[in-house]
Amino acid sequence: MSEVKITLPDGSSRTYPSGVTGMAIAQSISEGLARNALAIEVNGEIRDLSRTITADASIRIFTWNDAGGKYAFWHSSAHLLAEALEALYPGVKFGIGPPIENGFYYDVDLGTQPFGEDDLAKVEAKMIELARKNSVYTRQDVSKKEALEFFGKKGDEYKLELIDGLEDGSITFYHQGGFTDLCRGPHIPNTGFIKAVKLLNVAGAYWRGDEKNKMLTRIYGITFPKQKELEEYLHMLEEAKKRDHRKLGKELELFAFSEKVGMGLPLWLPKGTVVRERLEQFMRKAQIKAGYDPVVSPHIGSKALYVTSGHWDKYGKDSFRPITTPNEGEEFLLKPMNCPHHCEMYKVKPRSYKELPIRFAEFGTVYRYEQSGELHGLTRVRGFTQDDAHIFCRPDQVKEEFIKVIDLVLHAFRSLGFENYTAQLSLRDPADKQKYIGEDELWDRAEREIQEAADERGLKTVAVKGEAAFYGPKLDFMVKDALGRSWQLGTIQVDYQLPQRFELEYIGSDNQKHRPVMIHRAPFGSLERFVAVLIEHCAGNFPLWLTPEQVAVLPISERFNDYAAHVLQELKNRDIRGFLDDRNEKIGRKIRDAEVSKVPFMLIVGEKEASENRVSVRKHGKGDEGSVSLAEFIELASKDFAMPL
RNA sequence: GCCGAAGUAGCUCAGCUGGUAGAGCAACGGUUUCGUAAACCGUAGGUCGUCGGUUCAAAUCCGAUCUUCGGCUCCA
């Protein structure tokens, strides 16, 4: 009998008889590993432990502690969910049921049977019941014909459609208990590993993600090998909900919405406005330093402007309708973009190659019709302000300018303590070219320049096809909110199209007309979304330079209100944002209210402090820090509260 | 826009299978003048999202509509 050489992750290798299973290898390594093994990676491919290995290979055995182990675990859990659904809802048809970052889902067609959140508990119970049977997941190679026959008989048109797109010879079924699914695997050894089950929510999802297709019922769930881990996960979810910017925005009186004003139109309350305006000041300063010129353009623009830019053609039909002048019937659009305005600013006079790059920056408020179901707190609204700018440069300056913008974006992120962003290289979808305008050559060039710029700054990027803007590729900075949803913040885009459409020119050193290149960029993206993500990132405890109220002055009793007012005035003289709590309340109460509203510093003043011109300092979340002279506090605080440069 | 769920006082929530709305906090008035996370007493506050229907009677049942929430699709 022949042997195979198996190389382990630590570099050591062992020999086994050919046809050895992953499970047998695990057992030979240790009893504990065998008990916890969920799947195996063989030469980079994740497989079932039960599959045989017939050639030399590098392997890695996955347990719950590996992403690959969780993947197989949740994938298998999706099958368990399907088995439970089939038992409870005869005739149910199945779409797809993949593992996801946290758990798994299954898209199902329940026909006319109603299904809501209330039904989840019942399905959970069934899943646990089935899991306890320790049903083994078994793999079976089937021919395309057999596969079609099986699901044809079952009447599951979704599976038939999936099989249709598969190649004969590469089709496998997996069985567990009485359930059979089309699946490429891999799966965990048996259902007994699944000890804790929670179905999280039920939602609609279009079959194959296409709006034109039927909407299926998507059931999201998560499972764990231990009940305790499930409890920890649910607790973590609760904690994340407390950071939700919508909840904190209301509690901290940062912003509000009103049905009467209109959905998706945020109202910035005084405290939220402080945060927003400080961010704006920060970016203004950084931009001036980086050679930008602030400009201002109106909130509406002639429809012709957007016809020229191509936005009307691309987005006009599902946008806010144009507004018209009463007599002439001229059409204007609520500004959905700032770039066309800036193009016209570029055109006010002939430009020389010597004055490029020109950088027009504007905190431009734009209005876009977002589908009603899309609106989400401050992250997705119908009116928002971009920290927008457009750089007009020569073709030979593109890369350098792009790198400068990357530096600016990273400077902003760093100053705000954002670490967990990813840089996404948003490219065009080569399979769907009519979504885009412009020649291939220019697209290729732009995509290459962005990649080179990112590389030069050592920025790791993830390329995603089909995510480009219609006029050019982008480098997008993505962050996750408290609940794990991904949002785009900053964006940098290279654009060869708008300069053409607006016929932008400059006179080169050769005395000939040339076309400039545009770079669109917004480090924060929109102030609204940025503040939303910032709120969740810091759980409402803003960096000191941003926080709406930096200091609460809390007199022990009304007898010290005068001294407290004096303290507050001294703070204000030094541009420190504070307020006086002169309510007729006990100090414990004032402290509690200040703590709850996340004021970073509390100055408690009474007999002792008033007589010595001192303040007792209490830090949010930390407690009593002892007393210092008022002057000393102001000195220290002014430094702490300074805007980063 | 699509699928599903929810809307009760400023906020958080109670109100079982229909019998005409309740608590805590906040607000307001008073008492108290207080040393590091909620003083005490009292007062006021709601056409139960909106419109229509069923019924002797609707917060409760039905329909429509608006908004919000969870997803899907979309996102210049």
Side-chain angles (χ1 to χ4, degrees), chain A residues 105 107 110 114-119 200-220 244 246-247 250-251 253 256-260 262-264 306 309-316 318-319 335-340 366 368-377 379-382 386 388 437 467-472 474 483 485 487-488 491 493 495 497-498 520 522 526 529 554-561 584-596 602-609 616-627:
Chain A
Y105 66 81
D107 283 346
L110 288 152
F115 192 87
E117 311 262 329
D118 305 338
D119 301 295
L200 296 161
N201 51 42
V202 31
Y206 299 108
W207 167 235
R208 301 202 128 176
D210 191 331
E211 210 173 356
K212 291 177 204 81
N213 288 339
K214 180 166 178 177
M215 183 158 286
L216 306 179
T217 303
R218 175 170 296 181
I219 301 170
Y220 284 91
D244 192 316
R246 292 167 297 185
K247 183 177 156 65
K250 187 188 270 185
E251 284 171 2
E253 293 181 18
F257 289 91
S258 150
E259 269 189 46
K260 241 182 192 144
M263 60 162 99
Y306 300 99
S309 71
H311 290 104
W312 173 254
D313 190 41
K314 195 77 190 165
Y315 297 103
D318 38 34
S319 217
K335 175 165 76 173
M337 286 297 290
N338 300 302
C339 31
V366 295
R368 297 176 184 176
Y369 172 80
E370 304 287 355
Q371 298 189 93
S372 58
E374 287 309 329
L375 302 174
H376 183 94
T379 50
R380 195 81 185 265
V381 287
R382 286 180 167 173
Q386 299 174 311
D388 208 359
I437 58 172
E467 288 295 312
F470 73 91
Y471 49 73
K474 312 186 284 178
L483 296 169
R485 292 177 282 217
W487 298 96
Q488 179 199 307
T491 180
Q493 313 169 1
D495 178 6
Q497 310 309 325
L498 285 193
H520 307 238
S526 90
R529 180 175 291 177
L554 312 179
I556 295 286
S557 84
E558 289 180 349
R559 282 170 44 220
F560 311 106
N561 280 356
N584 179 9
E585 291 289 353
K586 302 212 310 195
I587 194 66
R589 174 53 181 276
K590 295 182 183 181
I591 287 171
R592 182 190 148 75
D593 287 348
E595 288 281 354
V596 167
M602 286 152 268
L603 298 184
I604 290 135
V605 295
E607 184 74 53
K608 278 182 293 192
E609 292 77 9
S616 277
V617 180
R618 183 190 165 99
K619 273 194 191 168
H620 170 70
K622 293 211 176 66
D624 196 351
E625 300 261 303
S627 93

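Every chain is numbered from 1, with letters handed out A, B, ... down the list of sequences.
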message: Pick the closest RNA chain B nucleotide for Tyr369(A) and for Ile604(A) by heavy atoms, then say which residue is nearer the 5' end.
response: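 With Tyr369(A) and Ile604(A) compared, the 5'-side residue is Tyr369(A).
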How close or far is atom [atom2] of [N] from atom [atom1] of [X], stated in whole angstroms?
X: Met215(A); N: A5(B); atom1: CE; atom2: C1'; value: 14 Å
X: Asn201(A); N: A6(B); atom1: CG; atom2: P; value: 14 Å
X: Arg592(A); N: A26(B); atom1: CZ; atom2: P; value: 9 Å
X: Met602(A); N: U36(B); atom1: CE; atom2: P; value: 14 Å
X: Glu211(A); N: C72(B); atom1: CD; atom2: P; value: 13 Å
X: Tyr206(A); N: C3(B); atom1: OH; atom2: P; value: 8 Å

From the set [options], return the single nucleotide nearest to any side-chain atom of [X].
X: Arg589(A); options: C72(B), A76(B), C25(B); value: C25(B)
X: Met263(A); options: C74(B), U67(B), C72(B); value: U67(B)
X: Tyr315(A); options: C75(B), U12(B), G70(B); value: C75(B)
X: Ile556(A); options: A76(B), G35(B), C74(B); value: G35(B)

Quantified in whole Å, what is the [atom1] atom distance between nucleotide [N] and nucleotide [M]?
N: U12(B); M: G7(B); atom1: C1'; answer: 14 Å
N: G4(B); M: U47(B); atom1: C1'; answer: 30 Å
N: G19(B); M: U60(B); atom1: P; answer: 11 Å
N: U17(B); M: A39(B); atom1: P; answer: 39 Å
N: G15(B); M: A9(B); atom1: P; answer: 15 Å
N: U31(B); M: U67(B); atom1: P; answer: 48 Å
N: G24(B); M: G45(B); atom1: C1'; answer: 15 Å
N: C28(B); M: C61(B); atom1: P; answer: 37 Å

query: Heavy atoms under 4.0 Å, any strand shown: does Lys250(A) hit a base, just sugar-phosphate, or nothing?
result: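 Lys250(A): backbone/sugar contact only, no base atoms under 4.0 Å.
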query: Hey, does Gln386(A) reach any base, or is it just sugar-phosphate, or nothing, if we go heavy atoms under 4.0 Å?
result: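 Nothing: the residue Gln386(A), judged by heavy atoms under 4.0 Å, touches no strand.
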Donor-acceptor pair under 3.5 Å, [X] side chain vs [N] base:
X: Arg618(A); N: U36(B); answer: yes
X: Glu253(A); N: G10(B); answer: no
X: Arg380(A); N: C74(B); answer: yes
X: Ser616(A); N: G35(B); answer: yes

- prompt: Are Glu609(A) and Ser627(A) linked by a side-chain donor-acceptor pair shorter than 3.5 Å?
  reply: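 Result is no, nothing qualifies.
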- request: Please answer whether the main-chain N or O of Asp107(A) pairs with a side-chain N or O of Arg218(A) as donor and acceptor at a distance below 3.5 Å.
  value: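 Absent.
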Ring centroids of Tyr220(A) and G71(B) base under 5.5 Å with planes under 30°: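 No, Tyr220(A) does not stack on the base of G71(B), since the centre distance and plane angle fail the 5.5 Å and 30° test.
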message: Does this structure show an ion pair linking Asp210(A) with Arg208(A), if we count only N-O contacts that are shorter than 4.0 Å?
response: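 Between Arg208(A) and Asp210(A) there is no salt bridge, as every charged N stays at least 4.0 Å from the carboxylate O atoms.
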